[in-house]
Amino acid sequence: MSASSKSNGNGDKSAANLGFEAKLWLAADKMRNNMDAAEYKHVVLGLIFLKYISDAFEEMRAKLMSGKGDYKDADPEDADEYKAENIFWVPKAARWPYLQANAKQATIGKIVDDAMVAIERDNPRLKGVLPKDFARPSLDKHRLGELIDLIGTIGLGDAANRSKDILGRVYEYFLTMFASAEGKNGGQFYTPRCIVRLIIAMLSPIRGRVYDPACGSGGMFVQSEKFVEEHGGHLGDISIYGQESNPTTRRLAIMNLAIRGIEADFGPEHADTFRRDLHKDLRAQFVFSNPPFNDSDWHRVEDDVRWQFGIPPQGNANFAWVQHFVHHLAADGYAGFVLANGSMSSNQSGEGEIRRALVEGDLIDCMVALPGQLFYSTQIPVCLWFVTKNKHDGKRRDRRKQTLFIDARKLGSLIDRVHRELTEADITKIVNIYHAWRGDKGASKYEDVAGFAKSATTGDIATHGYVLTPGRYVGAEAISDDGEPFEEKMIHLVTELNKQFVESAKLEKIIKANLRGLGYEG
């Protein structure tokens, strides 16, 4: 989910250092008043979406009104003219100039609700998606008007697609900030951008079917499409399939993709993937996901066809998700997903046996241990799993009975006191060594890196009891030799240690004196 940004000082782009998006957020957040972030999120993102489709409509309308070339004799009020160009038809009462002209009216809440209803009525793809409770008494109408004026400052611009790009960036940035504002609950709809970018870059989706059965607000899909376009492809080179159990989060995903002109099949409605698989017959070339960590409240049927490697425990859905991903992989497919670190080593309730079966089935391609503090929603350490059904496809190096382990726990930079991000350099380092190990075209020659990456055999993994924690395999990082003889180095170290002992003794005397002054004997 990339966005234009300023450098973080290391020559890398960071989602934490943006320009006008951050200023917009500060201005919008001031208008939140006492409204909860989870509620306010839908107000703001709904208006940004409305601004986007109105801008796109007005851009097309200007072309039709010009009457030039293909648009000669075209009717700018003919809805079919817009739908033919994959642009949403916006009725007069829903167009942004009309809304902004009425932003100071006491009835602005109802005007916005009516606009959302009209857009859904005329665009079946958006049926049941847009928020329609702007008229509720708890929403301050004066602040709503101010918010409309603020979002109105995001201009269409002169360049083609400028509005789409800018509003897409704003929508994405606001998703990030709402995830931070909501804390733990933010993880239900948002996966940190750096993790999404890492997974997508690792598996490089160029064309084929892309699937996420716990898709949140659709970040994996947005980044997949960006990857395709950055590598010379086009919208539509990949087919997108998603599922989301939370109805409001599902609506965020549909808007997130629509704002970029991306089509996707989210199924007919929200649904729990384990209770009702909406894409039962799908076999995808790429499966990307960040499912709920260690979910104990999930629906299990013991004879489910997906449990090819063992029945997952009722108390933890981690290996239900793993087997669901594998079940939906095409013969040449790859899956990359986030799980809690416990999934790499737990032997509770048969999890170890399922993991063993996956290893012996030669499905585990790569394991990546990530640094902590990457998520807004949890401090639980997490890892990335990469699995495939075909380690010898003729396009890459034969990797049968081999798994790459990457220990990336030392990577990343703090962006504030509690949150960390992987930089562009970090992502590149991980991606490059995986592509080298896989033998991808254009990649460098693979070599193990002590303390960071190790190619292990299935036999090695069996020796370690089928535990998949990278730290078990990569060994210690090589320490560079500074050329100083050991005897001289030891003299320096002992001298420094004695200085610290003297300083410690001084501090001890001062502390004891202070304690006696307070009436305590030390």
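We're numbering straight along the sequence, starting at 1. Note that the coordinates shown come from a computational prediction; the quantities given were computed from them, not determined experimentally.
His435 places no side-chain N or O within donor-acceptor distance of the main-chain N or O of Ser444, the cut-off being under 3.5 Å. Under a 3.5 Å cut-off, the side chain of Ser204 and the backbone N or O of Ala201 do form a donor-acceptor pair. Judged by distance alone, with hydrogens and angles left aside, the side-chain atoms of Glu508 form no donor-acceptor pair with the main-chain N or O of Ser504 at under 3.5 Å. Under a 3.5 Å cut-off, the side chain of Asn246 and the backbone N or O of Thr249 do form a donor-acceptor pair. In this structure, the side chain of Tyr434 does not engage the main chain of Leu203 through any donor-acceptor pair within 3.5 Å.
When all heavy atoms of Tyr446 and Ser455 are compared, the pair lying nearest together is OH-N, 3.4 Å. Summarising the geometry of Ile199 relative to Phe288, their closest heavy-atom pair is CG2-CD2, 3.6 Å, with the distance given to 0.1 Å. Ser343 and Cys383 make their closest contact through OG-SG, 3.9 Å (heavy atoms, listed as atom of the first residue, atom of the second, distance). Taking every heavy atom of both residues into account, Ile433 and Ala453 meet most closely at CD1-CB, 3.4 Å. Closest approach of Lys454 to Val474, counting heavy atoms only: CB-CA, 3.8 Å. Closest approach of Pro291 to Val338, counting heavy atoms only: CD-O, 3.3 Å.
The environment of CG in Asp297 is sparse: at most 12 heavy-atom neighbours from other residues, nucleotides or ligands sit within 6.0 Å.
Using a cutoff of 4.0 Å between basic side-chain nitrogens and carboxylate oxygens, Lys226 and Glu230 are not scored as salt-bridged. The pair Arg32-Asp29 meets the salt-bridge criterion, with a side-chain N (NZ, NE, NH1 or NH2) lying under 4.0 Å from an Asp/Glu carboxylate O. Salt bridge Glu424/Arg197: present, at least one basic N to carboxylate O contact under 4.0 Å.
Taking the six-membered ring where the residue is Trp, the centroids of Phe337 and Phe325 are separated by under 6.0 Å. Aromatic rings from Phe274 and His299 are positioned such that their centres are separated by 6.0 Å or more.
Under the 30°/60° scheme for interplanar angles, the aromatic rings of Trp385 and Phe319 are found to stand perpendicular.
Of the residues listed (Arg396, Arg400, Lys395), the one engaging Asp398 in a salt bridge (Lys or Arg N to Asp or Glu O under 4.0 Å) is Arg400, and it is the only one.
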Side chain to side chain donor-acceptor pair (under 3.5 Å) between Arg306 and His324, worked out: CA-CA 6 Å; Arg306 290 171 285 190; His324 177 82; 3.0 Å; yes
Worked verdict on His327 versus Gln323 for side chain to side chain donor-acceptor pair (under 3.5 Å): CA-CA 6 Å; His327 176 74; Gln323 294 188 83; over 6 Å; no
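Note: Lys51 NZ to Ile259 CD1 = 10.5 Å, rounded to the nearest 0.5 Å.
In the model, Asp365 has no side-chain atom that pairs as donor or acceptor with a side-chain atom of Thr388 under 3.5 Å.
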